[in-house]
Number of protein chains: 2
Amino acid sequence: MSDDDKSLVSRLRKLIGAGHYHPGERLGEEAVAEQFGVSRTPVRLAFRTLEQEGLLQRAGKRGFMVREFTQADVHCAVEVRGVLEGLAARRLAERGMPQDVAESLGFWIQKGRRLLDKGYLLEADINQWSDINSHFHGSIVGAADSRVVADAISRNNHLPFAAADSIIIDSEDLAREFKKLQLAQFHHELIFQSLKSGEGARAEMLMREHALIGLRYPELLADNP
Amino acid sequence: MSDDDKSLVSRLRKLIGAGHYHPGERLGEEAVAEQFGVSRTPVRLAFRTLEQEGLLQRAGKRGFMVREFTQADVHCAVEVRGVLEGLAARRLAERGMPQDVAESLGFWIQKGRRLLDKGYLLEADINQWSDINSHFHGSIVGAADSRVVADAISRNNHLPFAAADSIIIDSEDLAREFKKLQLAQFHHELIFQSLKSGEGARAEMLMREHALIGLRYPELLADNP
DNA sequence: ATCATTGTTATTGGATCCAAAGTAAAGGCT
DNA sequence: AGCCTTTACTTTGGATCCAATAACAATGAT
């Protein structure tokens, strides 16, 4: 197998997220163990972790089943990320942003600006934006200086489509995606601005709105071409 | 042992929460296994769960250590609960509160009112309030109708002092505690009011403020006797 | 004397075995 | 024929065994 180096949990996580297992499907320990060529022990350990992450749920007394994710679940996961990252942003604004964090955020904003300044989007730009985006969000969450908040966010990010860097990219319509990223970049700059001036409430609200960008804006941009 | 019926995770959770293990102390699988009279296997499983819950953290490549909780961590956990329960309340208000939920919340509010109406607090009332309180919060979270949100809250509640029903009771000063519960009851009624009228933003803010009642109000009440 | 290297020990990860519990199926009874 | 009971099988939980590895200690070299 190609990814023998990755841990069992992340491999399973990826498979579940990719919809490789049907939602509601029961996962037998023996079956999975055989599928990955390991014994039952590591599978049992992994299942407990995946259960806590919310990807698996107990199927009565008969082991675990793949958690089913509705559209509403995705929506909620994004909103949860919104309020949590909003909390992180507010904390950062209220406690004052350290110089190095400001520099780091400025750096990623500059990078985003340069990426979008050319006025259009290339296929190859997607990955770069994903990188920029996760560094921006990661810097804020990290600078909020609270393991509890960071853990809550990271746990939520284990849910499919919930993570900030899991923006659905529609390679078919790069023009529309460009508009979306332009808006996201604008959000980033506004958030940066409010963080710098210690506007906690504004930073929080902006962050919460920013989280929704993948949910609500596509339809909006679709209607107004 | 007296509590053989409880699962290993909850027993460990309780011990860790009670400070039975020193923060930062390394927990060996063998040692814990022997202490509980079981083999290493269930301990290993439990450790993975406790790790995800944030009570244990990996100690390098050498097993797990007891997570250390600072006062700031407790504060953050309470704020996280605030924003999450706030989200639940807003969802409930915006989607409209079903009749049965309104009746249930009204019931617990009535019970709280009757408990406090006598104007003072008895030692025995504490447990009853805890019951009322968790039912009130539980009803709202449940009625928000989102497993994602409910799970996020429940995971956060595993952290010591983060759960809504873990109000620190100072049996030495029941008069002050009475004031606190009076305020909490008032919060509950205001939240109920805003939920009924569909005031999402108000319900959310009230819920967030309500979460802080155990953190900030004691000092306030201490200064103003 | 200090540092590096090597050997020993402690501890975790993985595999296998056994027991317990639950489910499905087959057979018997009304 | 339908339902209940009993039996066989599947599957998970717990215990033990073995291997891999990291920490520790001791010994030797510079």
Side-chain angles (χ1 to χ4, degrees), chain A residues 1-16 20-68 147 151 154-155 158, chain B residues 1-16 20-68 147 151 154-155 158:
Chain A
M1 206 160 280
S2 64
D3 41 7
D4 267 357
D5 54 316
K6 294 197 66 69
S7 78
L8 189 57
V9 272
S10 41
R11 287 211 273 168
L12 273 168
R13 206 185 283 144
K14 187 167 292 183
L15 284 181
I16 294 172
H20 182 271
Y21 302 109
H22 295 254
E25 178 182 349
R26 209 181 119 265
L27 282 192
E29 296 176 357
E30 190 100 41
V32 174
E34 190 175 0
Q35 177 181 348
F36 285 89
V38 292
S39 113
R40 269 182 54 218
T41 308
V43 176
R44 290 172 68 182
L45 292 172
F47 277 12
R48 297 320 191 279
T49 301
L50 273 325
E51 182 200 12
Q52 286 297 317
E53 289 183 358
L55 294 175
L56 295 182
Q57 58 184 3
R58 290 210 118 88
K61 305 230 164 183
R62 213 53 189 276
F64 296 90
M65 53 190 286
V66 179
R67 166 79 180 279
E68 184 175 353
R147 267 207 59 189
D151 282 356
S154 126
R155 277 197 301 259
H158 284 139
Chain B
M1 205 162 280
S2 64
D3 40 9
D4 268 357
D5 53 316
K6 293 196 66 69
S7 78
L8 189 58
V9 272
S10 42
R11 286 210 274 168
L12 273 167
R13 205 184 285 144
K14 187 167 293 182
L15 283 181
I16 294 172
H20 183 270
Y21 301 109
H22 296 258
E25 177 182 348
R26 210 181 118 268
L27 280 192
E29 296 177 355
E30 190 99 42
V32 174
E34 192 174 359
Q35 176 181 348
F36 285 89
V38 292
S39 118
R40 268 182 56 218
T41 308
V43 176
R44 290 172 70 184
L45 293 170
F47 276 12
R48 298 317 190 281
T49 300
L50 273 324
E51 182 200 13
Q52 287 297 317
E53 289 183 358
L55 293 176
L56 295 183
Q57 59 183 4
R58 288 213 120 85
K61 304 227 163 183
R62 219 44 194 274
F64 296 90
M65 54 190 283
V66 179
R67 167 79 180 280
E68 185 175 352
R147 266 208 59 189
D151 282 355
S154 126
R155 277 197 302 260
H158 284 138

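Predicted, not measured: the structure shown is a model, and the values here were computed from it. Quick note on labels: first sequence line is chain A, next is B, and so on, each numbered from 1.
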Check your understanding: If you measure from CG on A/L45 to CG on A/L8, what distance do you get to the nearest 0.5 Å?
Key -> 9.0 Å
Review point. Where the side chain of A/R155 meets the backbone of B/Q52, is there a donor-acceptor pair that is under 3.5 Å apart?
Key: yes
Point to revise | B/Q35: which of B/L15, B/L12, B/V43 passes side chain to side chain contact (heavy atoms under 4.5 Å, CB included) | key: B/L15
With 3.5 Å as the limit, what N/O pairs link the protein to nucleotides 9-14 of chain C?
unit_1: C/dA10; atom_1: N3; unit_2: B/R62; atom_2: NH2; d: 3.3
unit_1: C/dT11; atom_1: O4'; unit_2: B/R62; atom_2: NH2; d: 2.8
unit_1: C/dT11; atom_1: O3'; unit_2: B/R26; atom_2: NH2; d: 3.4
unit_1: C/dT12; atom_1: OP1; unit_2: B/R26; atom_2: NH2; d: 3.2
unit_1: C/dT12; atom_1: OP2; unit_2: B/E29; atom_2: N; d: 3.4
unit_1: C/dG13; atom_1: OP2; unit_2: B/E29; atom_2: OE2; d: 3.2
unit_1: C/dG13; atom_1: OP2; unit_2: B/R48; atom_2: NH2; d: 3.1
unit_1: C/dG13; atom_1: N7; unit_2: B/R40; atom_2: NH2; d: 2.9
unit_1: C/dG13; atom_1: O6; unit_2: B/R40; atom_2: NH1; d: 3.3
unit_1: C/dG14; atom_1: N7; unit_2: B/R44; atom_2: NH1; d: 3.0
unit_1: C/dG14; atom_1: N7; unit_2: B/R44; atom_2: NH2; d: 3.4

Practice item. Could you tell me the separation between the CZ atom of A/F36 and the C1' atom of C/dA15, rounded to a whole number of Å? Key: 18 Å
Check your understanding: With side chains defined as the heavy atoms from C-beta onward, is the minimum distance between A/V66 and A/L55 less than 4.5 Å?
Key -> no
Practice item. Give a yes or no on whether B/E30 atom CD has more than 12 heavy-atom contacts from other residues, nucleotides or ligands under 6.0 Å away. Key: no
